Amino acid sequence: KVTYAVMIEGCCRNRNVEKAYELYTQMKLQGIRPTVYNVNSLIQGFLKAGLWEKATKLFDEAVECGIANVFTYNNLIYWLCKVGKVNEACSVWEKMTNKGVTPSVVSYNNLILGHCRKGNMDVVSGLFSEMLERGLKANVVTYSIMIDGYFKKGETERALNMFDQMVGLGTSPSDFTFNTVLNGLCKVGRTSEARDMLKKFIEKGFTPICMTYNSIIDGFIKENAIDSALAVYREMCESGVSPNVVTYTSLIDGFCKSDNIDLALKMRNEMRSKGLELDVTAYSVLIDGFCKRRDMESARELFDELFEVGLSPNAIVYNSMISGFRNLSNMEAALALHKKMIDEGIPCDLGTYTTLIDGLLKEGKLLKASDLYGEMLGKGIVPDVITYTVLVHGLCNKGQLENARKVLDEMDKKDTAPN
RNA sequence: GACCCAACGAUGAUU
């Protein structure tokens, strides 16, 4: 039985779920009762392999025969939260408590994470107090998740309070926590503060990693403080931390957005000279840079290069290109790209349609624009304020006041506030 | 005894 357990686990780790499942059935055939451990590792294996159906089937079986434990439930709750199905995660949670399985700190952490990603911070604080009331002690992961959640929601003070609370209650922050706090400060435009804090953290024994510097570099980039960003980049290299593709992407993006395409390209070369290859995001930054400069020829070259190196552009890359052609009023090229997206099976998103509709309306091609709007709605894509603004503006400019009125009414029905 | 959780980069309108 031990042998089977070890083998099943090993197969799951090696992403060989098929083999693991084979062993599992073989074991059952030999009359050996599978343990929770076996089932748990199998479920996890299925989840990692994206075999959602098989995972839930096994999970339901485990629940039915009553061998499911906290770990079993946590596993599923985690994956549901990760893919944004927080409501389903909640029903698994209910099932768990109904079966008399007591949630652990990890259970709470998983659910809190799910709600943080959705931005439901009020639910999060409810769960947090519930957890404490039940006599569970929040751990460093709980705090880190919540700190990150508050920062991402823009509730900086709350985030910093959580950090103080954690320290005050005697939970030592981990390197993970430090990175979360630093990144959070950078994201809300307090990068210099983060840089100073980094020094203090280092004194407390924190070892910065590439990601730490990346957060600070990107923060300065977003504040348009390119020189500070470069200073941190040098500091990073000097302290022996190797920059990665994310570091360079931030810097390249900074140069592009401050209209310094030459320096951006220089950075790309520096990156390559260190043996790093561009990924899709890195390409997208450069492509967008050229598109914004209305240099569609260079953008196109990079777009082609992307294919040549064996990558395939995602919707973001296409959207940049489409937006670039739209700016040049070349809707023919823009629409050709839209067609290519569909041919290649790249899902168009709200941005794709908004840009296309914007361009078409500006050209006076109202029919084509409305076709695309219909196509978008047909795919279940819901318009947002920006889309509505595009429609109202475009229609008004073409004297279609009636239709613009209709759009405003539609907004009203959907409770979207005009800006 | 072994299984579960957290952190970094890119795209759309108006101004």
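To find a chain, count down the sequence lines: A is the first, B the second, and so on, and within it residues start at 1. As a basis for the values below, the full set of heavy atoms in this structure was taken, side chains included, without hydrogen atoms, waters or symmetry mates. None of these values were measured; they are calculated from a predicted model.
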Would you please indicate yes or no on a ring centroid separation below 6.0 angstrom for A:Y108 and A:F128?
-> no
Kindly say whether the aromatic ring centers of A:F290 and A:F303 come within a distance under 6.0 Å.
-> no
So which nucleotide from [options] ends up closest to the side chain of [X]?
X: A:S320; options: B:A13, B:U11, B:A7; answer: B:U11
X: A:V141; options: B:A6, B:U11, B:A13; answer: B:A6
X: A:D384; options: B:U14, B:G12, B:C4; answer: B:G12
X: A:L350; options: B:G12, B:C5, B:G9; answer: B:G12
X: A:R326; options: B:A6, B:G12, B:C4; answer: B:G12
X: A:V390; options: B:C5, B:G9, B:A13; answer: B:A13
X: A:I386; options: B:U11, B:A7, B:A13; answer: B:A13
X: A:I145; options: B:C8, B:C5, B:C3; answer: B:C5
X: A:N183; options: B:C8, B:G12, B:C3; answer: B:C8
X: A:V245; options: B:A10, B:G9, B:A7; answer: B:G9

Using a 4.0 Å heavy-atom cut-off across all strands, classify [X] as base, sugar-phosphate, or nothing.
X: A:T352; value: nothing
X: A:D175; value: nothing
X: A:D218; value: sugar-phosphate
X: A:I209; value: base

Do [X] side-chain and [N] base share a donor-acceptor contact under 3.5 Å?
X: A:T354; N: B:G12; value: yes
X: A:T180; N: B:A7; value: no
X: A:S174; N: B:A6; value: yes
X: A:N110; N: B:C5; value: no
X: A:S250; N: B:G9; value: no
X: A:N314; N: B:A10; value: yes
X: A:D349; N: B:G12; value: no
X: A:N75; N: B:C4; value: no
X: A:T247; N: B:G9; value: no

Any side-chain N or O of [X] under 4.0 Å from OP1/OP2 of [N]?
X: A:K362; N: B:U14; result: yes
X: A:K222; N: B:C8; result: no
X: A:K257; N: B:U11; result: yes
X: A:K292; N: B:G12; result: yes
X: A:R268; N: B:G9; result: no

In whole Å, I'd like the distance from the [atom1] atom of [X] to the [atom2] atom of [N].
X: A:K82; N: B:A6; atom1: NZ; atom2: P; value: 5 Å
X: A:L127; N: B:C5; atom1: CG; atom2: C1'; value: 14 Å
X: A:Y73; N: B:C5; atom1: OH; atom2: P; value: 19 Å
X: A:Y78; N: B:C3; atom1: OH; atom2: C1'; value: 14 Å
X: A:K187; N: B:G9; atom1: NZ; atom2: C1'; value: 8 Å
X: A:M271; N: B:G9; atom1: CE; atom2: P; value: 16 Å
X: A:I43; N: B:C3; atom1: CD1; atom2: C1'; value: 11 Å
X: A:I147; N: B:A7; atom1: CD1; atom2: P; value: 13 Å

A:F176-B:A6 aromatic stacking (under 5.5 Å, under 30°) | yes
Atom [atom1] in [X], atom [atom2] in [Y]: separation rounded to 0.5 Å?
X: A:M331; Y: A:L361; atom1: CE; atom2: CG; value: 9.0 Å
X: A:T249; Y: A:D218; atom1: OG1; atom2: CG; value: 9.5 Å
X: A:R293; Y: A:D288; atom1: CZ; atom2: CG; value: 12.5 Å

Give a yes or no on whether a salt bridge exists between [X] and [Y], defined as a side-chain N under 4.0 angstrom from a carboxylate O.
X: A:K153; Y: A:E155; result: no
X: A:K266; Y: A:D262; result: no
X: A:D196; Y: A:K200; result: no

